[in-house]
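Everything below concerns the one structure shown next.
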Protein chains: 2
Amino acid sequence: MQSFTEENYLKIIYHLSVNNDQAVQTNAIAEKMQTKAASVTDMIKKLADKKLVLYKKYQGVHLTETGKQAAINIVRKHRLWEVFLVEKLNFKWDEVHDIAEELEHINSAELVERLDEFLSFPKNDPHGDPIPDKHGKFDAVPFTRLSKLKTGEKGLIMGVSEHSSAFLKHLEKLGLTLGKTLTLTTITDFDGSVEIIVEDKKISVTREVAKHILIRI
Amino acid sequence: MQSFTEENYLKIIYHLSVNNDQAVQTNAIAEKMQTKAASVTDMIKKLADKKLVLYKKYQGVHLTETGKQAAINIVRKHRLWEVFLVEKLNFKWDEVHDIAEELEHINSAELVERLDEFLSFPKNDPHGDPIPDKHGKFDAVPFTRLSKLKTGEKGLIMGVSEHSSAFLKHLEKLGLTLGKTLTLTTITDFDGSVEIIVEDKKISVTREVAKHILIRI
DNA sequence: TTATTTTTTTAGATTTGTCTAAATATATAG
DNA sequence: CTATATATTTAGACAAATCTAAAAAAATAA
């Protein structure tokens with residue numbers, strides 16, 4: 001069993017490596033963990049001793065298969081709890097992250113399986129992220145981004161790649177929530193902002209925001 | 001905000017003082033915390049610095065009003081989570097304690113209130129213990145014990161004063177669960193065991209077990 | 001390819017909660 | 001009321017996770 005802190009390191013290393021197979025750098029971990037590079041080096045050594053990561057000095061880290069499974073399990077718990085908070089306790093999608101950060105460390109395999117069942121085995125969390133099954137498997141549904149759409153193209157909002165409360169509240173206010181269908185009408189050359197139509201309403205979205213809206217065409 | 005460990009100390013001091021207004025002794029805390037008296041002294045000093053307990057050397061501790069409210073809040077969370085685990089996730093009453101020990105430390109007032117509402121504001125946990133409301137208030141329903149009943153007396157099982165899994169499983173097997181009505185037929189002088197009738201079945205219960213069955217006449 | 005910048009690691013210190021062993025205070029027994 | 005036993009505290013140490021400052025390695029630029 002890992003400590004609370006070790007689990008957070010594993011999760012962060014996982015998130016930093018899931019989109020590219022590169023070794024994860026000490027500084028990148030330090031930034032996400034809100035700590036210093038020296039502390040990260042210490043912890044990495046500890047995780048390497050436990051065979052949860054592969055580590056070569058100055059070369060960054062990779063998760064081992066064991067480490068990866070541990071990380072995925074934490075992600076699974078985090079996302080299941082988020083579903084619980086939104087579906088059962090009526091929290092909004094921008095309110096659940098911090099609470100789930102705590103709940104994800106509760107240690108009981110039985111609890112997770114029963115929660116999963118109680119929630120009817122959800123496939124995605126309230127932000128559209130996939131929920132790994134009990135074996136750590138999940139489908140990586142292909143997606144594009146609103147910022148990559150061409151004029152006239154239509155798509156469905158299937159997720160976000162930025163999870164801050166401020167960002168999610170902003171989307172909510174614009175009516176850009178999961179499952180909504182949109183059509184891109186205009187791309188502004190000047191600043192890259194896009195005009196879209198959602199539920200017959202015309203909305204303008206900055207390029208920065210559009211980059212973080214995941215679309216299934 | 002208190003640390004995980006501080007919260008456990010507060011909770012234990014609360015449980016040790018709730019049934020008698022005496023100061024709580026260092027050794028008693030050490031036993032419940034599964035630690036050494038020296039460690040308890042250290043922690044007590046820390047809690048005293050934070051004004052959560054009143055402490056005089058060699059004289060044990062009392063909770064302050066602030067400390068008591070903090071402790072009651074942890075108890076509230078523990079018992080609400082137990083209700084959730086039993087009512088919603090179908091755990092048995094002997095399976096929930098350890099998981100609730102972890103869940104009770106989750107820090108979100110909003111979460112607790114919504115959980116309370118989701119569970120329809122339960123008054124008691126799966127072992128019959130009262131759940132404090134959000135202001136820390138709860139009714140101390142008077143009770144006696146099966147071991148105190150006289151021959152021929154009737155009563156209703158309203159709780160237990162021993163929460164170990166082994167004990168709860170034993171009661172379950174005997175059919176002695178919350179809400180059951182029983183009649184005491186015989187008290188054995190020799191060993192203090194009692195014969196009772198529950199749902200038309202005759203059962204013999206040792207004195208030690210009878211002591212931990214709480215009865216409302 | 002040498003110099004400079006960036007990244008990472010080491011060394012040594014700090015904090016939290018714990019421990020053992022020894023010292024001190026309180027309670028109990030004769 | 002003294003001796004003994006029990007309970008508690010102090011002193012000093014340790015492990016986990018962190019930090020700062022300095023050293024070392026790797027990457028980048030001139």
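Since the model is a prediction, treat every value here as computed from it, not as a measurement. Values below: every heavy atom of this structure, side chains too, minus hydrogens, waters and symmetry copies.
Within the 4.5 Å cutoff, no side-chain heavy atoms of B:Asp129 are placed close to those of B:Val160.
The distance between atom NZ of B:Lys56 and atom P of D:dT9, rounded to the nearest whole Å, is 13 Å. Atom pair B:Ile29:CD1 and D:dA7:C1' shows a separation of 13 Å (rounding to whole Å applied). Atom NZ of B:Lys45 is separated from atom P of D:dT8 by 14 Å (rounded to the nearest Å). Computed from coordinates, the A:Ile44 CD1 to D:dT18 C1' distance equals 15 Å when rounded to whole Å.
Between A:Asn27 and C:dT6 there is no side-chain N or O to OP1 or OP2 distance below 4.0 Å. Look at A:Ser3 and you won't find any side-chain N or O under 4.0 angstrom from OP1 or OP2 of D:dA16. Contact between the side-chain N/O atoms of B:Tyr58 and the OP1/OP2 oxygens of D:dT6 is not found at any separation under 4.0 Å. Distances shorter than 4.0 Å separate none of the side-chain N or O atoms of B:Thr5 from OP1 or OP2 on C:dT16. Taking only side-chain nitrogens and oxygens, A:Gln25 never comes nearer than 4.0 Å to OP1 or OP2 of C:dT7.
Side-chain atoms of B:Glu6 never come within 3.5 Å of backbone atoms of B:Asn8 as a donor-acceptor pair (strictly under, hydrogens ignored). With hydrogens and angles ignored, the 3.5 Å screen pairs a side-chain donor or acceptor of A:Glu153 with a backbone N or O of A:Lys150.
When the options A:Thr26, A:Leu47, A:Thr41 are evaluated for a side-chain contact (heavy atoms from CB on, under 4.5 Å) with A:Tyr55, the one that passes is A:Thr41.
The local environment of CG in A:Asp191 is crowded, with over 12 non-hydrogen atoms from other residues, nucleotides or ligands closer than 6.0 Å.
Of the candidates C:dT24, C:dT10, C:dT18, C:dT10 carries the atom nearest the A:Lys57 side chain, counting heavy atoms from C-beta on. Each of D:dT18, C:dT9, D:dT9 was ranked by its minimum atom distance to the side chain of A:Tyr55; first place goes to C:dT9.
Using the six-membered ring where Trp is involved, A:Phe167 and A:His212 have ring planes that are perpendicular, over 60° apart on the 30 and 60° scheme. Relative orientation of the A:Phe118 and B:Phe84 rings is perpendicular, given thresholds of 30° and 60° on the angle between their planes.
Using a 4.0 Å heavy-atom cutoff across all strands shown, B:Phe4 reaches no nucleic acid atom at all.
Listed in residue order, the members of residues 30-43 of chain B having a heavy atom less than 4.0 Å from DNA chain D are B:Ala37, B:Ala38, B:Thr41.
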